[in-house]
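Numbers here are sequence positions counted from 1.
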Amino acid sequence: MKPHILVIGAGIIGSAIAYRLAPHASVTVLEAATPATLASGNSFGWINASFFHNPDHHRLRVEAIAAWARLGPVADVVEWTGTLWWEETGDNFDAMATTLDNLGYPVREIAPPEFRLLEPNITAPPDRSLLFPGEASVDAAAQTTRLLAAAADHGAQLWTGTAITGFAQSDAGVIGVLTDQGPVFADHVILATGTATEALLAPLAVKLPMLRRVAVLLHTQSLPPVIRHILVRPEGELRQDAAGRLMIPAVVSHQSDDSETLVATPGHLADAALARTATLLTGHDLRWSRVTQAMRPMPADGLPAVGQVAPGLTVAVMHSGVTLAALMGELVADEVLGQGPSPWLAPYRPDRFA
C-alpha cells in the first residue's frame with residue numbers, strides 16, 4: 001500500500017515535491033491560498049547559479065539547473081535564454097569571471113560587437129559583459145500549475161483554502177495536521193510553506209528563524225520581442241516574458257537585496273525602476289501595467305533549510321525556490337520515500353539553527 005503524504009504549500013517547491021512523490025505515494029497538497037497568489041506567482045523567475053553564497057551553494061544551484069532539464073516536457077515553459085551580465089566593472093568584473101571560471105561554470109566574455117548581435121535593441125552596449133549560456137527563466141506561476149496538474153495525473157489531490165493550525169501528534173511523532181476544518185492524517189507531512197514556516201514550527205519547539213525580505217516586481221505592457229536574454233546590469237535586472245511584458249525587480253541587485261521594508265510605495269518604486277530601464281531601450285514607450293509585492297522565503301543565513309525536523313515531519317524552505325525547485329522535488333521525495341539522506345542536502349539541514 002502506498003504511503004499517504006501531505007504536502008503543505010502549493011508554491012513551486014511544494015508542487016515540485018508533489019510531482020516527484022505522486023507516482024510512488026498517495027499525495028494530498030494543502031494550500032491556504034491559491035497557488036498564483038504565492039511568492040512563486042510573484043517571482044522574477046530566474047534560474048541561475050551565477051548568484052551564490054559559497055562553493056557548496058554554487059554546486060547545489062548548478063545541479064538544480066540540470067534538474068530543470070531532467071523535468072523534460074513538464075517544464076516546457078522554461079526558456080533557456082542565457083544571461084548577459086555587466087552588473088560590475090573593473091576588478092569586480094574580473095573577479096566574477098575568474099571565480100565562475102574556476103568553479104567550472106560556463107561563462108564567456110562578450111565584446112560590444114557581439115553584444116549588438118545578441119541584443120540588437122539595446123541602445124548602448126556595455127564595454128564588457130559576461131554570457132552565462134546555461135541559465136534560464138520560467139513563469140513560476142505557470143510552472144507551478146503544470147507541476148500540480150502532472151501530479152494530479154498520478155492521483156495527487158489539491159485542496160485550496162485549507163489553512164493548517166497545528167499538527168496531529170502521537171508518541172511516534174507527527175501523524176498529520178490540524179486545519180480549520182478538522183484533522184488530516186498522513187504517514188508523513190512536508191512543510192513547503194515559505195515565510196509561514198517559522199510560526200508553524202514554533203509550537204513544536206523547532207527553531208527555524210526567517211529573514212524579512214520584501215520584493216517588488218513590475219510588469220510593463222506587452223511589447224514586440226525586444227530582449228532575448230536575462231539582462232543583469234548596474235541599474236537592475238530585467239527580462240521579457242512569453243507575453244511580451246518586461247519584468248523588472250523594483251530594486252537593484254534584487255537577489256542580494258536585504259531590505260526589510262519598502263522605502264516608498266510600490267507605485268513609486270515601479271516608476272523609478274521603469275525610468276532606469278527606459279534609458280536602455282530607446283524608441284519604446286514603456287509603461288508599467290502591474291506591480292506585485294511578496295515576501296521572499298529566506299532562512300536566517302540565506303541558505304536553504306531542508307530535512308526532517310521531527311519524526312514524520314520534513315521542511316523545505318528556501319530562496320531562490322525558482323532555481324532550486326526541480327532539484328528539491330527529487331531530493332525531498334527520495335528522502336521521504338526512504339532512499340536515505342542526500343549528500344546534496346548535508347549543508348542545509350534545519351538543525352543548524354537549533
What are the two closest heavy atoms between Leu303 and Pro299, and how far apart are they? O-CG, 3.1 Å
Does the Thr99 side chain pair with the main chain of Met96, one donor and one acceptor, at a distance under 3.5 Å? no
Closer than 3.5 angstrom, by distance alone: can the side chain of Arg61 be matched with the main-chain N or O of Phe51 as a donor-acceptor pair? yes
Output the distance between atom OG1 (Thr323) and atom CE (Met328), rounded to the nearest 0.5 Å. 10.5 Å
Heavy atoms only: give me the nearest Val74-Ala150 pair and the separation to one decimal. CG2-CB, 3.7 Å
Between the side chain of Gln240 and the main-chain N/O of Pro224, is any donor-acceptor distance below 3.5 Å? yes
Which heavy atom of Ala151 sits nearest a heavy atom of Ala22, and at what distance? O-CB, 3.6 Å
Rounded to the nearest 0.5 Å, how far does CZ of Phe115 lie from CD1 of Ile122? 5.5 Å
First locate atom CG of Asp241, then atom CE of Met247, and finally report the distance between them rounded to the nearest 0.5 Å. 6.0 Å
Kindly assign one of parallel, tilted or perpendicular to the pair Phe132 and Trp85, based on the angle between their ring planes and the thresholds 30° and 60°. tilted
Atom pair CG/CD of Leu280 and Glu119 - distance to nearest 0.5 Å: 8.5 Å
Asp127, CG: over 12 other non-hydrogen atoms inside 6.0 angstrom: no
Using the rule given for side-chain contact (heavy atoms from CB on, under 4.5 Å), can you reason through Leu208 versus Met210, listing the C-alpha separation, both sets of side-chain angles and the distance that settles it, and then say yes or no? CA-CA 6 Å; Leu208 205 169; Met210 301 286 290; 3.7 Å; yes
Walk me through it: do Leu231 and Trp86 pass the test side-chain contact (heavy atoms from CB on, under 4.5 Å)? CA-CA 8 Å; Leu231 303 183; Trp86 67 102; 4.2 Å; yes
CD1 of Ile230 to CD1 of Ile47, rounded to nearest 0.5 Å, is 8.0 Å
Would the distance check show the side chain of Asp187 and the main-chain N or O of Ile5 forming a donor-acceptor pair, the cut-off being under 3.5 Å? no
Side-chain donor-acceptor pair present, Asp271, Trp288, cut-off under 3.5 Å: yes
Would you confirm whether Arg146, through its side chain, and Ala75, through its main-chain N or O, come within 3.5 Å as a donor-acceptor pair? no
Could you check whether any side-chain N or O of His58 sits under 3.5 Å from a backbone N or O of Ala49, counting only pairs where one atom can act as donor and the other as acceptor? yes
Go through the side-chain N and O atoms of Thr314 and Glu335 and say whether any donor and acceptor fall under 3.5 Å apart. no
One should read off an interatomic distance between Arg290 CZ and His219 NE2, to the nearest 0.5 angstrom, of 4.0 Å
Ala16 backbone acceptor or donor facing Arg20 side chain under 3.5 Å: no
Around atom CG of Asn92, are there more than 12 heavy atoms of other residues, nucleotides or ligands at under 6.0 Å? yes
Checking the side chain of Thr220 only, and the main-chain atoms of Leu246 only, is there a donor and an acceptor separated by less than 3.5 Å? yes
When you measure from the side chain of Ser15 to the backbone of Ile12, do you find a donor-acceptor pair of N or O atoms at a distance under 3.5 Å? yes
If you apply the rule side-chain contact (heavy atoms from CB on, under 4.5 Å), what do you find for Leu130 with Val232, and how did you get there? CA-CA 10 Å; Leu130 296 177; Val232 185; over 6 Å; no
Check the surroundings of atom NE2 in His53: do more than 12 heavy atoms from other residues, nucleotides or ligands lie under 6.0 Å from it? yes
Quick one about Trp46 and Thr83 (side-chain donor to acceptor, distance below 3.5 Å, no hydrogens or angles considered), yes or no? yes
Working for side-chain contact (heavy atoms from CB on, under 4.5 Å), residues His319 and Thr195: CA-CA 10 Å; His319 176 74; Thr195 57; over 6 Å; no
Nearest heavy-atom contact between Val177 and Leu30 is CG2-CD2, 4.0 Å
Under 3.5 Å donor-acceptor, Arg128 side chain and Asp94 backbone: no
